Amino acid sequence: MGPGGGRAGSGSRVEDRAAQSLLNKLIRSNLVDNTNQVEVLQRDPNSPLYSVKSFEELRLKPQLLQGVYAMGFNRPSKIQENALPLMLAEPPQNLIAQSQSGTGKTAAFVLAMLSQVEPANRHPQCLCLSPTYELALQTGKVIEQMGKFYPELKLAYAVRGNKLERGQKISEHIVIGTPGTVLDWCSKLKFIDPKKIKVFVLDEADVMIATQGHQDQSIRIQRMLPRNCQMLLFSATFEDSVWKFAQKVVPDPNIIKLKREEETLDTIKQYYVLCNSRDEKFQALCNIYGAITIAQAMIFCHTRKTASWLAAELSKEGHQVALLSGEMVVEQRAAVIERFREGKEKVLVTTNVCARGIDVEQVSVVINFDLPVDKDGNPDNETYLHRIGRTGRFGKRGLAVNMVDSKHSMNILNRIQEHFNKKIERLDTDDLDEIEKIAN
DNA sequence: AAAAAAT
């Protein structure tokens, strides 16, 4: 086997459906990459700009290369071509990387972590932080899949509800977790010795270091790490002030930007529905429910309260929906996201907890029941891009529907439209034929 | 406002 010379897919061994979908993703990102500009800023400008066209060139451990191919990857995506040589260099380099949804960020940093693990050392060597419980579970699955040919490799989840006995020490090689739990495990509870961490990954890095986000906890964790610990920051979005802060807190960072976020928007058709109240939005949503359930859909609300209200109202109307928000206990959250992944639930009503990173292939429609706004009521462009980025995956055409219920929210929508310089057209929810045509 | 903690 091996990547061969040609396009991804030729001569590769594809074992199952999951592997096939990952392959599809890779094919798509290669196509998209033809029009994308990659910008690489190396720390040492004298060293040659260095990218790889195959995984072999990286001299990975055989069991890791086997894991990469078993997942259906046969050649690196654009971000991986540039990021992997930097991350695997000796000595390890720090990296801040920005590239859109579905371009292979997760696989890139998982590969970097796995290549640093020494299984004989029974303590955490790599630490990855995720902004939510659900994303930590998802990334953990990728680590387990890609590392499945290391029989000794162990992964620990530092997430809510995962309780350990006092005085216990984590012996697992990689820890994936959410900020609060990881901070406790590193400091107060001393389950992890942070001084022995070699690779530190911030997934959805912008929200992990934003003042409004998890900055305090992330930075407190970072300060406990050894000085030579490799730091890897990945996200699809970095708002200007956060980008500056990232460069300040990461020592000697290399920078990779996959430009043109409009690419994401080109595969997703955006519409808005004009209403005058929350109840009208609810009615409009009921009108299009049939059209959006042909595949899977995610409906975003601004608050937990609205989400649970909406899920209950939709149920009363006889529409089957699932609800996922941070007010639920983690066992429930794990069960709901699993049912949604399996396709047992077609519609997920949720909050920003699911705005980022969640990768469910069959999602073809995203509905913003409430537009994303920050705490000051200004448009939250980053969250908008992340939310609608839950669809339009695998080269399929995605659909985003924004529900507007006032002059104020129309103004928010106009500002989002201007920010991305991409037309958001009006949709008439009485015209079901039109909607079905768009949704498919 | 949501998320994030054995508090």
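Order of the sequence lines sets the chain letters (A, B, ...), proteins ahead of strands, with each chain counted from 1. Please read these numbers as outputs of a predicted model, since none were measured by experiment.
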* **Criterion side chain to side chain contact (heavy atoms under 4.5 Å, CB included) against A/Ile288, the qualifying member of A/Val273, A/Val365, A/Ile367** =>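 Of all the options given, the one that passes is A/Ile367.
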
* No-hydrogen, no-angle side-chain donor-acceptor test under 3.5 Å, A/Gln320 and A/Tyr289 -> no

[atom1] of [X] versus [atom2] of [N]: gap in Å, rounded?
X	N	atom1	atom2	value
A/Met328	B/dA4	CE	P	12 Å
A/Arg356	B/dA3	CZ	C1'	11 Å
A/Glu382	B/dA2	CD	C1'	16 Å
A/Glu134	B/dA3	CD	P	9 Å
A/Ile221	B/dA4	CD1	P	14 Å
A/Gln217	B/dA4	CD	P	10 Å
A/Ile412	B/dA1	CD1	C1'	13 Å
A/Asp206	B/dA2	CG	C1'	15 Å

Closest nucleotide among [options] to the [X] side chain:
X	options	value
A/Val353	B/dA6, B/dA3, B/dA1	B/dA3
A/His302	B/dA3, B/dA6, B/dA1	B/dA1
A/Arg333	B/dA6, B/dA2, B/dA3	B/dA3
A/Leu189	B/dA1, B/dA4, B/dA6	B/dA6
A/Leu164	B/dA4, B/dA6, B/dA1	B/dA6

* Asked: Looking across every strand, which nucleic acid part, if any, lies under 4.0 Å from A/Phe191 by heavy atom: base, sugar-phosphate, or nothing?
  -> base

It should be established whether [X] places a side-chain nitrogen or oxygen under 4.0 Å from OP1 or OP2 of nucleotide [N].
X	N	value
A/Thr181	B/dA4	no
A/Arg160	B/dA4	yes
A/Thr351	B/dA3	yes
A/Thr132	B/dA3	no

* Asked: Is any side-chain heavy atom of A/Tyr157 less than 4.5 Å from a side-chain heavy atom of A/Ile176?
  -> yes

* Please check if atom NZ in A/Lys305 has more than 12 non-hydrogen atoms from other residues, nucleotides or ligands closer than 6.0 Å. => no

* Residue that, paired with A/Thr237, satisfies side-chain hydrogen bond (donor to acceptor under 3.5 Å, both in side chains) out of A/His386, A/Glu382, A/Gln100 -> A/His386

